[in-house]
Amino acid sequence: MSKKNLFSQPVADLIKNRYSCRSFDGRGLEPDILAALEKFPAALELPFKNSVRFGIIDNERVRAENIFSGGSYGLIKGVRYYVSALVKKDAPHCWEDIGFGLETFVLYATSLDLGSCWIGGVFDRKHFGRDLGILEAEMLPAVVAVGRQAGRRSLRDRLVRWSAKGDMRKDPAAIFFNHDWRTPFLYADFPQWASVLENVRLGPSASNKQPWRIIMKDNNFHFFLNRDKAYSAMMPNVDLQRIDLGIAMCHFQLAAQELGLPGEWRSGEPVLPGTPANFEYIVSFVIK
Ligand SMILES: Cc1cc2nc3c(=O)[nH]c(=O)nc-3n(C[C@H](O)[C@H](O)[C@H](O)COP(=O)(O)O)c2cc1C
């Protein structure tokens with residue numbers, strides 16, 4: 001795990017301040033900000049070591065070249081730039097690495113006082129992919145809209161936020177466990193790790209489904225995915241819920257790093273009686 005401090009502000013503040021912005025000011029970004037965004041991925045180390053190609057999409061350029069390009073189909077107002085990452089199709093754990101990498105980017109954008117919104121559902125995959133120079137063996141799972149927030153949220157923004165219950169999060173006792181699946185992880189018992197887990201809980205997830213389940217056992221944290229099968233079936237080519245898991249890993253690692261709690265990612269499913277059949281083991285954070 002990289003020891004480098006990537007941001008100029010505390011990660012916990014960035015995580016608290018971030019939200020899905022769907023109303024931008026329509027003015028694009030200054031060249032120095034664009035240059036900073038372009039330089040950023042050089043510092044990134046991904047947990048599963050996939051090589052991903054980051055890029056910035058200028059929707060004005062895409063529209064000039066393809067008059068029929070849909071951009072983000074009017075869902076996001078006033079945005080010109082999108083950040084994305086291309087990854088090799090079917091590479092092991094590519095979804096989690098995309099989630100981890102793009103979310104680090106989101107937090108970096110937050111540190112530059114920019115708004116952002118993950119888009120994994122409907123966007124112009126074809127023309128955005130072409131703009132990034134996508135290869136036959138690569139895929140473009142999601143993009144992140146990035147820009148300056150508008151002074152006022154659009155009506156559509158408020159409606160989408162309300163329908164996804166964007167400000168709500170599940171109770172910690174429903175998603176974090178201690179030793180077995182019947183015992184909730186109590187924040188008061190482990191204050192430092194509680195703060196790490198709280199930073200996971202505040203993270204974004206597709207349709208705010210919060211599919212991450214984390215259990216602490218023998219001082220390690222094991223990450224599981226509580227998959228919503230119907231949701232996954234709706235988008236068979238893009239595993240948004242494993243991207244969510246990568247985002248959770250990103251918040252966990254950065255928050256632990258900030259608190260000086262060292263550890264590393266390893267694979268090794270623990271023996272846990274009564275694991276619900278729909279829980280999929282992903283990875284463990286092993287404390288050093
Ligand atoms: C992988 C992923 C895909 C998402 N796709 C979309 C999308 O297509 N459209 C959209 O408006 N929001 C999308 N979101 C944003 C979520 O709806 C949002 O994170 C969630 O409702 C929580 O709200 P918050 O980010 O403001 O905390 C996505 C989020 C993630 C993590």
Side-chain angles (χ1 to χ4, degrees), residues 11-24 52 57 59 70-79 82-87 93-110 114-125 128 139-147 149-150 153-172 175 198-212 223 225-228 231-232 234-252 254-255 282:
V11 160
D13 290 353
L14 298 174
I15 288 175
K16 221 173 281 149
N17 294 340
R18 182 219 60 84
Y19 69 95
S20 290
C21 173
R22 298 179 180 92
S23 311
F24 293 87
V52 300
I57 300 153
N59 196 37
S72 49
Y73 296 96
L75 185 78
I76 311 282
K77 261 195 104 178
V79 72
Y82 297 84
V83 168
S84 195
L86 297 163
V87 68
H93 290 291
C94 58
W95 306 106
E96 290 86 350
D97 270 351
I98 284 281
F100 191 107
L102 275 180
E103 180 64 7
T104 314
F105 219 114
V106 161
L107 296 176
Y108 181 61
T110 310
L114 300 175
S116 61
C117 185
W118 273 89
I119 308 173
V122 190
F123 67 93
D124 188 350
R125 277 200 165 72
F128 281 9
M139 62 175 180
L140 174 58
V143 294
V144 171
V146 65
Q149 296 98 321
R153 285 182 177 169
S154 71
L155 177 64
R156 180 182 273 261
D157 182 342
R158 281 178 277 151
L159 272 175
V160 173
R161 208 173 167 74
W162 172 78
S163 68
K165 296 193 174 62
D167 295 321
M168 315 267 280
R169 289 297 184 271
K170 290 185 196 295
D171 195 282
I175 52 178
E198 185 58 14
N199 281 303
V200 170
R201 198 172 80 98
L202 294 177
S205 58
S207 299
N208 205 18
K209 292 218 168 254
Q210 306 157 64
W212 354 271
F223 285 56
L225 174 61
N226 178 14
R227 191 185 282 287
D228 180 328
Y231 190 68
S232 298
M234 260 164 41
M235 293 204 59
N237 299 321
V238 190
D239 203 336
L240 292 181
Q241 300 213 296
R242 278 176 62 190
I243 294 181
D244 292 343
L245 238 294
I247 294 172
M249 291 170 70
C250 167
H251 283 206
F252 189 98
L254 292 175
I282 304 290

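As the structure is a prediction and not an experimental result, all values here were calculated from the model. One-based numbering, in listed order, for ligands and for the atoms of each.
In terms of the salt bridge (Lys or Arg N to Asp or Glu O under 4.0 Å) criterion, R153 has no residue partners (sequence neighbours excluded). Residues that satisfy the side-chain contact (heavy atoms from CB on, under 4.5 Å) test with N226, not counting sequence neighbours, are R213, N278, F279.
Just one residue in the list I98, L102, L86 forms a side-chain contact (heavy atoms from CB on, under 4.5 Å) with V52, and that residue is I98.
Taking the six-membered ring for Trp and thresholds of 30 and 60 degrees, F223 and F252 have ring planes more than 60 degrees apart, a perpendicular arrangement.
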Mind listing the side-chain donor-acceptor pairs of residues 242-249 below 3.5 Å, one per line with the distance, residues two or more places apart or on another chain?
| residue | atom | partner | partner atom | Å |
| --- | --- | --- | --- | --- |
| R242 | NE | E96 | OE2 | 2.8 |
| R242 | NH2 | E96 | OE1 | 3.3 |
| R242 | NH2 | E96 | OE2 | 3.4 |
| D244 | OD1 | A206 | N | 2.9 |
| D244 | OD2 | A206 | N | 3.3 |

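Sorted by chain and number, the residues within 4.0 Å of ligand 1 by heavy atom are R18, Y19, S20, R22, L75, C117, W118, I119, G120, G121, V160, R161, A164, G166, R169, P204, S205, A206, S207, N208, I243, D244, I247.
A donor and an acceptor atom, one from each side chain of T110 and R18, are nowhere located under 3.5 Å apart.
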